[in-house]
Amino acid sequence: MDTCKKVLERKDGRDYDCFYASVFEAENPALKSLPLAVQQKQIIVTCNYEARKRGFHKLQLIREAKIMCPEVVIVLAEDLTRFRDASKALYNFLKDFSWNGRVEKLGFDEVWMDVTDIIDYNLDLLNGNDLLNSFFHLSKDDPTLGFGFDGSKYIGHTYPAVAERTQPQDSAEDVLCMRLRLGSHLAQHIRHQLEERKGYTATVGISTSKLLSKLVGSVNKPKAQTTLVPPYVSSEGLESSVTTFIDSHDVGKIPGIGFKAAHKIREHVLHRDPDFDAGLTYGGMKEKVTVRDVRLSTSMSAESLEKVLAGPGSPHGLGYRVWCLINGLDDSEVGQVRSVPKQISIEDSYIRLDTVDEVLKELRMLAKNLIKRMRLDLLETDDDGGESSFMNESEADQADGRISNRKRWLAHPKTLRLTTRPRPPLNPDGTRTRTFSRVSRSAPLPGFVSNLQESVDALAAKLVTEALVPLFKKLHPEKSGWNLSLVNVAVTNMADTASDKKSATGRDIARMFSRQEDVLKEWRSEDRDASSGTGGGPSSNSVELVNRGVFADAPVGFEDGMKPQHSMAADEDWGDEENSVEQISTCQACGSAVPSFAMPAHQRYHLLGD
DNA sequence: CCGGGAGGCT
DNA sequence: AGCCTCC
């Protein structure tokens, strides 16, 4: 769970951390002291710190690596099963710390947690006269659950490393400081638990949004945490640390600004600004353009960015989004826990794949692994009212034939997709233009794949002949003349079965509500006055989402480990929480914003199912 | 723009 | 169906 970042970044390289290496080390601790590199095909996808000391970096060619350091241990990691399993276990571990279910994964090794509610609760209970002997409550129900901490200071690193101002400017900033301090202690606790219970170290960032928490997390890298400390707004004589921090990044390093967008922005900034243009050496090193450069470039606005980034298929409002990002603004919410993935895909890449026979063989292999994955990730075992659980790998493997009839599908994918990446033909001059463009065809997924009586092999064979081969013929009508560098088979368009809501299982929902008695009490008392009772959702006299954008809680991220979140709203938020604004709650189960008076009805809707 | 994913948008 | 983004 450790993120690592090498010192010398490839110009286009995004972070990839040593999660894969950590999984191998967890399985075999002897590897920890050795330089360990993880291989997929011809490249090192990641490596541990021992290897980094010797100059290794991620996405490095194997050849290069072996010459550099012949004694490096190289492990193959093209089958991602073990990493997926480890990722799931760690995610489930973190999830249990959450009260509101806002725990979002990005890739296998990054998680955001919105812990606004936990911070709020603890902020209330804090004794301002004895901060040094504070107690952090991890449960509303059991007041003994938690840990002691020194609430007078941050734990772990901060950005800036030394707070320039010890005295907060106003009461809002004072509260934000306290919330972030609480966040830092929660992060520390969870990191320690993670290491103690699961044997994984984590790197964490704590702030008020996904954007800032993720970025600040990478300031101190392995096995560490960093909190972005206030002021979050600038005032005379003092720039906000948000601005200072985000300004220092290369545009392309901002999450949400990818390869393409960064390129367009760079071109725009360098082109239009004569001062910059002067120093541009073409063919040399790529010009570094920082967020500050972009933010302060002439006539910078959301509208101008929208034009710069416009293109066929580009998302609407991208200019505004990017403008927000470079100003450190991100109001996106931490996603709700999801029990079922949106898609499952299996792929492999090839140096050469140009005959029908080889394709058939590969399709069978991919189809087989895909069906195994479906049984792993889409099947729930029902052990009579106990915890619901997913199958482990061996269970899914022995699914050949006699699976107990307690296994239920959580979802049925409706669509099957076959994707290939054709290798472009040689240019007249003998060179090959690199391309990464893929082509795909989809079809309804035949129902028989969810048959649990038949063996994976038999189902895979049938899937190939009845569905994948027709799709392949649509993609590549000729029997030869193509050469594929990649084949991907996916199931998508998950339709949940009656028993499941995608956000969580029915039992999980019941459990979540039962834990939230205080909150329910609040709703009930309001319910007496409101006319809701039985019927409607948020419809009738609805308070609508006024202010939502303004005071919506923004995440305090824990990069990698998790990200706690709380309100970063300028002023009106924590002042007097009771009366100042309309009460709109976020449903614990599905994440919808629901007026408080309608929450009991909404909750019933979940408990009763459809 | 390497590798095996996954998700969101148009 | 394709593109972009993230790891």
Side-chain angles (χ1 to χ4, degrees), chain A residues 1 3-5 10-20 37-46 57-65 76-84 87-88 91 104-112 203 210-211 214-215 217-218 252-264 309-318 321-322 325 332 335 338 340-351 366 369-370 373 377 415 417-421 433-443 471 474-475 485-494 559-560:
Chain A
M1 206 72 178
T3 43
C4 314
K5 182 169 172 180
R10 265 168 55 142
K11 47 193 182 297
D12 54 30
R14 308 297 309 186
D15 273 22
Y16 200 99
D17 74 37
C18 20
F19 178 60
Y20 289 0
V38 181
Q39 175 189 192
Q40 283 173 340
K41 293 297 184 308
Q42 75 273 42
I43 64 168
I44 303 286
V45 289
T46 191
H57 56 88
K58 57 208 161 156
L59 302 183
Q60 181 177 28
L61 287 174
I62 280 278
R63 307 266 177 198
E64 230 178 277
L76 196 64
E78 285 160 19
D79 178 355
L80 303 186
T81 304
R82 61 198 332 158
F83 312 116
R84 197 151 32 223
S87 174
K88 209 183 279 182
Y91 175 77
E104 181 183 343
K105 256 178 71 141
L106 183 54
F108 283 175
D109 67 333
E110 279 191 31
V111 175
W112 281 286
T203 296
K210 287 177 31 168
L211 171 71
K214 179 181 171 66
L215 285 178
S218 49
K253 288 286 194 295
I254 303 301
I257 304 180
F259 183 77
K260 302 269 179 172
H263 192 69
K264 288 181 185 170
L309 299 173
S314 72
H316 264 112
L318 182 59
R321 253 191 45 218
V322 168
L325 292 176
S332 67
R338 242 185 342 210
V340 170
K342 299 241 172 188
Q343 60 168 289
I344 298 175
S345 69
I346 304 279
E347 68 184 54
D348 207 345
S349 59
Y350 312 90
I351 303 295
L366 294 168
N369 288 331
L370 183 65
R373 278 288 308 287
D377 295 348
T415 306
R417 187 181 60 220
L418 176 67
T419 305
T420 67
R421 187 176 63 197
T433 328
R434 278 191 163 291
T435 179
F436 305 91
S437 68
R438 301 167 175 219
V439 287
S440 72
R441 292 293 182 269
S442 303
L471 286 175
K474 273 203 238 178
L475 280 171
S485 62
L486 176 140
V487 178
N488 175 305
V489 181
V491 288
T492 64
N493 210 350
M494 307 292 182
E559 134 125 75
D560 263 300

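Letters A, B, ... mirror the listed sequences (proteins, then strands); counts begin at 1.
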Nearest-angstrom distance, C1' atom, C:dA1 to B:dG3: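 23 Å, rounded to whole Å.
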When you measure from the side-chain N and O atoms of A:S437 to the phosphate of C:dG2, is any distance below 4.0 Å, counting only OP1 and OP2? no
Can you check whether A:K41 has a side-chain N or O nearer than 4.0 Å to OP1 or OP2 of B:dG4? yes
Please give, in whole Å, the distance from [N] [atom2] to [X] [atom1]?
| X | N | atom1 | atom2 | result |
| --- | --- | --- | --- | --- |
| A:E347 | B:dG3 | CD | C1' | 8 Å |
| A:E104 | B:dG7 | CD | P | 10 Å |
| A:L106 | C:dC7 | CG | C1' | 6 Å |
| A:I44 | B:dG3 | CD1 | P | 12 Å |
| A:K105 | C:dC6 | NZ | C1' | 13 Å |
| A:K58 | B:dC1 | NZ | P | 13 Å |
| A:M494 | B:dA6 | CE | P | 9 Å |
| A:K210 | C:dC6 | NZ | P | 12 Å |

Among the candidates [options], find the nucleotide nearest to the side-chain atoms of [X].
| X | options | value |
| --- | --- | --- |
| A:S442 | C:dA1, B:dG3, C:dT5 | C:dA1 |
| A:I43 | B:dG4, C:dT5, B:dG3 | B:dG3 |
| A:K214 | B:dG7, B:dG3, C:dC7 | C:dC7 |

Taking ring-ring contact (aromatic ring centres under 6.0 Å, His included) as the test, write out the residues that go with A:Y350, two or more places apart. none
Report which part of the nucleic acid [X] touches: base, sugar-phosphate, or nothing (heavy-atom distance under 4.0 Å, all strands).
| X | value |
| --- | --- |
| A:I346 | sugar-phosphate |
| A:L486 | nothing |
| A:R84 | sugar-phosphate |
| A:Q42 | sugar-phosphate |
| A:A77 | nothing |
| A:D348 | sugar-phosphate |

Partner set under side-chain hydrogen bond (donor to acceptor under 3.5 Å, both in side chains) for A:S440, not counting sequence neighbours: none
Polar atoms only, N or O, under 3.5 Å: list the protein pairs with nucleotides 8-10 of chain B and their distances.
from	atom 1	to	atom 2	distance (Å)
B:dT10	OP1	A:H316	N	2.9

List for me each residue that meets salt bridge (Lys or Arg N to Asp or Glu O under 4.0 Å) alongside [X], sequence neighbours excluded, and say none if there are none.
| X | result |
| --- | --- |
| A:K41 | A:E78, A:D348 |
| A:R84 | none |
| A:R373 | A:D377 |

Can A:E347 and A:R438 be counted as an ion pair, charged N to O under 4.0 angstrom?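 Judged by the 4.0 Å cut-off on N to carboxylate O distance, A:E347 and A:R438 do form a salt bridge.
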Without hydrogens or angle criteria, can the side chains of A:K105 and A:S87 be said to hold a donor-acceptor pair below 3.5 Å?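 Present: a donor and an acceptor within the cut-off.
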Return the 5'-most residue of the pair A:S345, A:R434 with respect to DNA chain B, ranking by each residue's nearest nucleotide. A:R434
For the pair A:E110 (side chain) and A:G107 (backbone), establish whether a donor and an acceptor sit closer than 3.5 Å, ignoring hydrogens and angles. no
